[in-house]
Novice: 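Dropping a structure here in structure tokens format, bear with me for questions.
Values reported hereafter were calculated over all heavy atoms of this structure, with side chains retained and with hydrogens, waters and symmetry mates removed.
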Amino acid sequence: MNALRKTLIASCVAAASFAPAAHAEKFFGGSSISILHSNQYQGVQFDAGGNGGFEYEATYFTFENATAHNWGSTFFFIDRDQGQGSVEGADNVYGEFAPNVSGSWLTGKDLSFGPIKDVRLAAQYEFGGGTQVNNYMGGIGLAWDIPGFMYFNTSVYYVDNEQVADEKQLTVTWAYPFDIGAAKFLIDGYIDWTSAESDHKSEFQFTPQVKMDVGNFWGSPGVLYAGVEYQYWNNKYGLGDTLMDDQSSVSALVKFHF
């Protein structure tokens with residue numbers, strides 16, 4: 001099974017890398033850099049009394065790249081968080097790479113039905129972070145056609161965790177733009193749920209961002225955003241509340257697209 005899941009990810013990457021040029025069409029491609037800051041992040045407290053974790057302050061620097069093609073899509077990001085105050089110097093790097101292959105493109109048949117635009121072969125690789133993860137994920141994704149949304153996607157994965165017991169994961173991602181007068185806004189984000197297993201608890205993350213398109217005010221829409229990110233993280237890293245409290249953090253953010 002381990003080899004099968006890694007083969008699935010390799011197949012997604014191969015399809016993304018070697019799609020025949022004559023039949024490949026690129027719809028979108030772009031990168032961004034974000035800076036987030038909060039003093040409400042939750043850390044692990046190794047306390048014999050089991051009184052939970054502690055809040056700490058940090059700044060996150062994030063690079064993202066996303067592409068969309070007729071054969072599927074890719075998404076890559078890498079975070080560097082710089083701790084401050086009591087956790088100064090405890091910096092981490094964490095990243096994800098997620099290729100998806102369109103089932104319609106792969107089979108040559110239109111797989112849309114009802115509100116579903118496409119069925120996808122989904123994969124993801126996660127690395128680094130505070131727990132030094134090295135996860136291989138493979139599964140199936142659905143692209144939804146929901147009025148008003150730029151995109152709305154759901155994916156179900158089997159996660160091969162090298163550090164802990166394997167688990168299942170559900171991921172939801174979305175982006176919804178709206179206007180208030182002359183001001184343009186974007187609400188986007190993700191939900192991750194992972195199953196409880198023999199050596200860790202079920203996790204739940206809800207992370208929306210609410211951003212104003214600042215660049216729109218000087219004729220450059222979609223370039224510079226400012227706003228906030230909220231994150232609720234239940235059983236962070238799969239730990240219980242004896243080692244870490246649930247995280248409920250609000251971060252100020254600035255995001256530059258190029």
Side-chain angles (χ1 to χ4, degrees), residues 30-45 52-66 75-96 98 126 128-131 133 148-153 171-193 203-237 239 244-258:
S31 300
S32 67
I33 296 174
S34 301
I35 302 174
L36 297 94
H37 181 86
S38 178
N39 61 0
Q40 299 175 329
Y41 300 121
Q42 189 66 214
V44 179
Q45 182 84 11
F54 67 97
E55 285 190 339
Y56 66 91
E57 184 175 2
T59 300
Y60 279 77
F61 300 89
T62 302
F63 170 80
E64 295 178 334
N65 176 264
F75 178 69
F76 169 79
F77 82 84
I78 190 163
D79 279 335
R80 179 177 178 82
D81 65 283
Q82 296 185 342
Q84 293 155 21
S86 62
V87 295
E88 185 173 358
D91 301 346
N92 291 294
V93 175
Y94 172 78
E96 296 180 2
E126 302 175 342
T131 56
V133 301
F149 282 80
M150 293 173 61
Y151 60 83
F152 192 99
N153 301 313
T171 296
V172 182
T173 60
W174 71 87
Y176 183 83
F178 65 96
D179 299 346
I180 299 178
K184 294 183 177 294
F185 294 86
L186 180 65
I187 299 178
D188 59 0
Y190 67 90
I191 293 173
D192 278 343
W193 171 86
E203 295 181 58
F204 176 79
Q205 292 186 59
F206 172 59
T207 309
Q209 294 184 350
V210 182
K211 300 175 288 229
M212 175 185 287
D213 188 344
V214 179
N216 181 62
F217 290 109
W218 57 76
S220 299
V223 175
L224 181 64
Y225 289 84
V228 296
E229 176 185 277
Y230 173 71
Q231 183 173 67
Y232 174 74
W233 194 341
N234 172 249
N235 291 331
K236 188 173 181 179
Y237 303 143
L239 303 175
M244 181 181 292
D245 296 324
D246 290 345
Q247 180 169 304
S248 180
S249 59
V250 177
S251 304
L253 77 90
V254 176
K255 190 169 189 176
F256 174 70
H257 289 261
F258 57 94

Novice: Show the numbers, then the answer: is there a side-chain contact (heavy atoms from CB on, under 4.5 Å) between E55 and Q247?
Specialist: CA-CA 9 Å; E55 285 190 339; Q247 180 169 304; over 6 Å; no
Novice: Please report the interatomic distance CG(N234) to CG(D245), rounded to the nearest 0.5 Å.
Specialist: 11.0 Å
Novice: If every non-hydrogen atom of G53 is compared with every non-hydrogen atom of Q45, which pair is closest and at what distance?
Specialist: CA-CB, 3.5 Å
Novice: Quick check for you: to the nearest 0.5 Å, what is the distance between D179 atom CG and L186 atom CG?
Specialist: 11.0 Å
Novice: Got a sec, which residues hit side chain to side chain contact (heavy atoms under 4.5 Å, CB included) with F149, two or more places apart in sequence or on another chain?
Specialist: I146, F152, W174, Y176
Novice: First locate atom CZ of F178, then atom CD1 of I187, and finally report the distance between them rounded to the nearest 0.5 Å.
Specialist: 4.5 Å
Novice: Would you check, one step at a time, whether the test side-chain contact (heavy atoms from CB on, under 4.5 Å) holds for R80 with D91?
Specialist: CA-CA 7 Å; R80 179 177 178 82; D91 301 346; 3.3 Å; yes
Novice: Just wondering, do S86 and F54 contact through their side chains at under 4.5 Å, heavy atoms?
Specialist: yes
Novice: Within the structure provided, determine whether Q84 and T59 are in side-chain contact (heavy-atom separation under 4.5 Å).
Specialist: yes
Novice: Between atom CD1 of I35 and atom OH of Y60, what is the distance when rounded to the nearest 0.5 Å?
Specialist: 14.5 Å
Novice: Quick one: CD on E96 to CZ on F75, what's the gap to the nearest 0.5 Å?
Specialist: 7.5 Å
Novice: Test Y237 against M244 for side-chain contact (heavy atoms from CB on, under 4.5 Å), laying out the working first.
Specialist: CA-CA 9 Å; Y237 303 143; M244 181 181 292; 3.8 Å; yes
Novice: Report yes if some heavy atom in the side chain of Q42 is under 4.5 Å from a heavy atom in the side chain of L239; otherwise report no.
Specialist: no
Novice: Which residues pass the side chain to side chain contact (heavy atoms under 4.5 Å, CB included) test with I78, not counting sequence neighbours?
Specialist: F63, F76, V93, F127
Novice: Quick test of your reading: applying salt bridge (charged side-chain N to carboxylate O under 4.0 Å, His left out), list the pairs with at least one residue in residues 207-223, sequence neighbours left out, ordered by first then second residue.
Specialist: D188-K211
Novice: Determine whether D192 and Y190 make a side-chain contact, defined as any pair of heavy atoms from C-beta on separated by less than 4.5 Å.
Specialist: yes
Novice: Does D246 have any salt bridge (Lys or Arg N to Asp or Glu O under 4.0 Å) partners at least two apart in sequence or in another chain, and if so, which?
Specialist: none
Novice: I need the D81 CG to Y56 OH distance, nearest 0.5 Å.
Specialist: 5.5 Å
Novice: I'd like a table of donor-acceptor pairs (distance under 3.5 Å, sequence neighbours excluded) in which one partner is a side-chain atom from residues 250-258, with atom names and distances.
Specialist:
{"from": "S251", "atom 1": "OG", "to": "Y41", "atom 2": "OH", "distance (Å)": "2.8"}
{"from": "K255", "atom 1": "NZ", "to": "E64", "atom 2": "OE1", "distance (Å)": "2.8"}

Novice: With sequence neighbours left out, which residue pairs that include part of residues 221-237 fulfil the salt bridge (charged side-chain N to carboxylate O under 4.0 Å, His left out) condition?
Specialist: none
Novice: Kindly give the heavy-atom pair with the smallest separation between M212 and A183, and that separation in Å.
Specialist: CE-CB, 4.4 Å
Novice: Quick check: F206 with Y232 (ring centres under 6.0 Å apart)?
Specialist: no
Novice: Going through the distances and angles, do V223 and W218 end up as a side-chain contact (heavy atoms from CB on, under 4.5 Å)?
Specialist: CA-CA 11 Å; V223 175; W218 57 76; over 6 Å; no
Novice: What heavy-atom pair brings S38 and Q40 nearest, and what distance separates the two atoms?
Specialist: OG-N, 3.0 Å
Novice: Check P221 against N216 and note the closest heavy-atom contact, atom names and distance.
Specialist: CB-OD1, 3.8 Å
